[in-house]
Protein chains: 2
Amino acid sequence: MAKILAQKGSDKKATISRKAASLFRKHGFAQTSMRSLGEHLGVEASSLYNHIGSKNELLQNICFKVANDFMKAWESVDQLPDSIIKKLEKLIRFHIHKMLTDYDEVYVSNHEWKQLQEPYLSNFLHQRRLYEKRLIELVGMGIQTKELKKMDAGVAVFTILSAVRGLELWHSTKNQLTTNQLADQLVDQLLFGLVKKQ
Amino acid sequence: MAKILAQKGSDKKATISRKAASLFRKHGFAQTSMRSLGEHLGVEASSLYNHIGSKNELLQNICFKVANDFMKAWESVDQLPDSIIKKLEKLIRFHIHKMLTDYDEVYVSNHEWKQLQEPYLSNFLHQRRLYEKRLIELVGMGIQTKELKKMDAGVAVFTILSAVRGLELWHSTKNQLTTNQLADQLVDQLLFGLVKKQ
DNA sequence: CCTACCGATCGGTAGG
DNA sequence: CCTACCGATCGGTAGG
């Protein structure tokens with residue numbers, strides 16, 4: 001192996017974390033060995049333990065970083081005096097942007113959180129449920145103000161979250177669209193549907 | 001362990017497969033050991049090899065069964081003289097129905113296919129891409145006939161597939177809705193959107 | 001269907 | 001940052 005850990009001071013941990021996210025996404029957390037991670041960084045597995053505490057700690061950092069970023073996005077959208085529809089649009093656009101810029105981390109957070117150990121597992125689930133609850137309240141308000149159709153707000157929110165999350169499946173597909181074109185269509189499709197109005 | 005493999009002739013293999021699907025879904029394929037599978041069936045791991053060839057064979061059977069079922073559903077929908085919108089609705093409803101009735105198998109097929117070995121991996125991916133291609137062609141026809149909005153058909157299809165697949169995330173949530181109410185809302189939301197018409 | 005076992009691989013530590 | 005190593009666990013086989 002020719003590669004070597006970045007020399008510049010304290011960013012070695014960040015380098016390890018980024019490579020771990022990449023391998024966890026490609027092969028899964030359990031199927032990624034510390035030996036393989038070391039090999040991709042040009043060191044022995046045992047050397048990694050000078051910079052990190054454990055394999056599980058790597059997963060924890062990834063999952064909670066992503067969860068916190070989404071929570072912060074919600075807070076910044078919530079405090080502005082936009083319409084419900086505009087707030088939903090902004091959140092959908094943030095999900096798309098986050099997925100495209102931090103693909104490995106978002107993917108790992110979505111798929112591998114089950115491998116977290118207690119108390120991190122409960123903590124992560126609590127944070128995710130809180131985020132979902134806030135989105136459901138937002139949609140519920142939109143129904144009350146008649147901006148949105150009468151519907152089950154929970155189903156609506158999970159459908160939106162599933163659709164934006166689905167970007168991870170074809171993120172790499174050779175699609176001609178720019179990020180903005182992609183976001184425009186997704187927002188339009190989710191808010192206004194596929195069928196042409198008469 | 002008190003439980004024992006079903007005695008009645010040749011359905012032992014099916015019993016093993018069902019329990020494997022359940023464990024693969026709950027803990028993942030790699031994290032499910034043959035020792036654990038045996039324990040849940042009341043036998044030693046080594047005894048399982050009298051009925052199956054390998055751990056990987058269990059995964060192959062699950063993934064290809066699901067892939068074939070979706071392909072058959074497409075064929076049966078395709079040959080009827082419905083409108084494009086009606087065909088899309090029927091396919092969406094089949095996805096929902098399949099997810100709710102064969103939850104473990106569909107979930108495992110969606111998440112664990114990466115663990116298939118060659119040549120099964122290539123075979124599975126080929127079949128999935130063919131299915132997606134057919135849906136994209138269907139949406140493309142709908143755009144041509146002006147039943148559907150002008151849009152990128154690939155994005156539209158992946159959004160639909162992601163949304164119905166998202167059912168797996170809240171399949172168990174205490175939702176008051178019946179299967180039919182759920183399907184009705186999902187179809188309406190995907191085809192006609194969230195926003196109330198003026 | 002079981003006991004006994006193989007070779008491989010794992011996360012992590014000791015000690016330098 | 002490395003060598004050397006530990007105890008645990010894995011999929012699978014031999015032989016009955």
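Naming: A, B, ... by sequence-line order, numbering from 1 per chain. Computation of the quantities below employed the complete heavy-atom set of this structure, encompassing side-chain atoms and omitting hydrogens, waters and symmetry-equivalent molecules.
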Any side-chain hydrogen bond (donor to acceptor under 3.5 Å, both in side chains) pairs touching residues 150-162 of chain B, not counting sequence neighbours?
-> none
Between atom CD in B/Glu39 and atom C1' in C/dC1, what is the gap in whole Å?
-> 16 Å
A/Glu147-A/Thr145 side chain donor-acceptor pair, cut-off 3.5 Å | yes
Between atom NE2 in B/His51 and atom P in C/dC2, what is the gap in whole Å?
-> 11 Å
Consider only side-chain N and O atoms of B/Gln117 and B/Gln60, and report whether a donor and an acceptor are under 3.5 Å apart.
-> no
Only one of A/Phe124, A/Phe94, A/Phe64 passes ring pair (Phe, Tyr, Trp, His ring centres under 6.0 Å) with A/Phe70, and that residue is A/Phe94
For each nucleotide in nucleotides 10-16 of chain C, reading 5' to 3', give B when a protein heavy atom comes within less than 4.0 Å of its base, S when such contact involves only the sugar-phosphate, and - otherwise.
-> BBBB---
Dot-bracket for DNA chain D, 5' to 3', with Watson-Crick and G-U pairs under 3.5 Å, [ ] for crossing pairs and | for other-strand pairs: what is it?
-> ||||||||||||||||
Relative to each other, are the rings of A/Phe24 and A/Phe29 parallel, tilted or perpendicular (30° and 60° limits)?
-> perpendicular
Under 3.5 Å, is there a donor-acceptor pair between the A/Asn68 and A/Gln127 side chains?
-> yes
Polar side chain donor-acceptor pair, B/Ser122 to B/Glu118, under 3.5 angstrom = yes
Are the charged groups of A/Asp82 and A/Lys87 less than 4.0 angstrom apart, N to O?
-> no
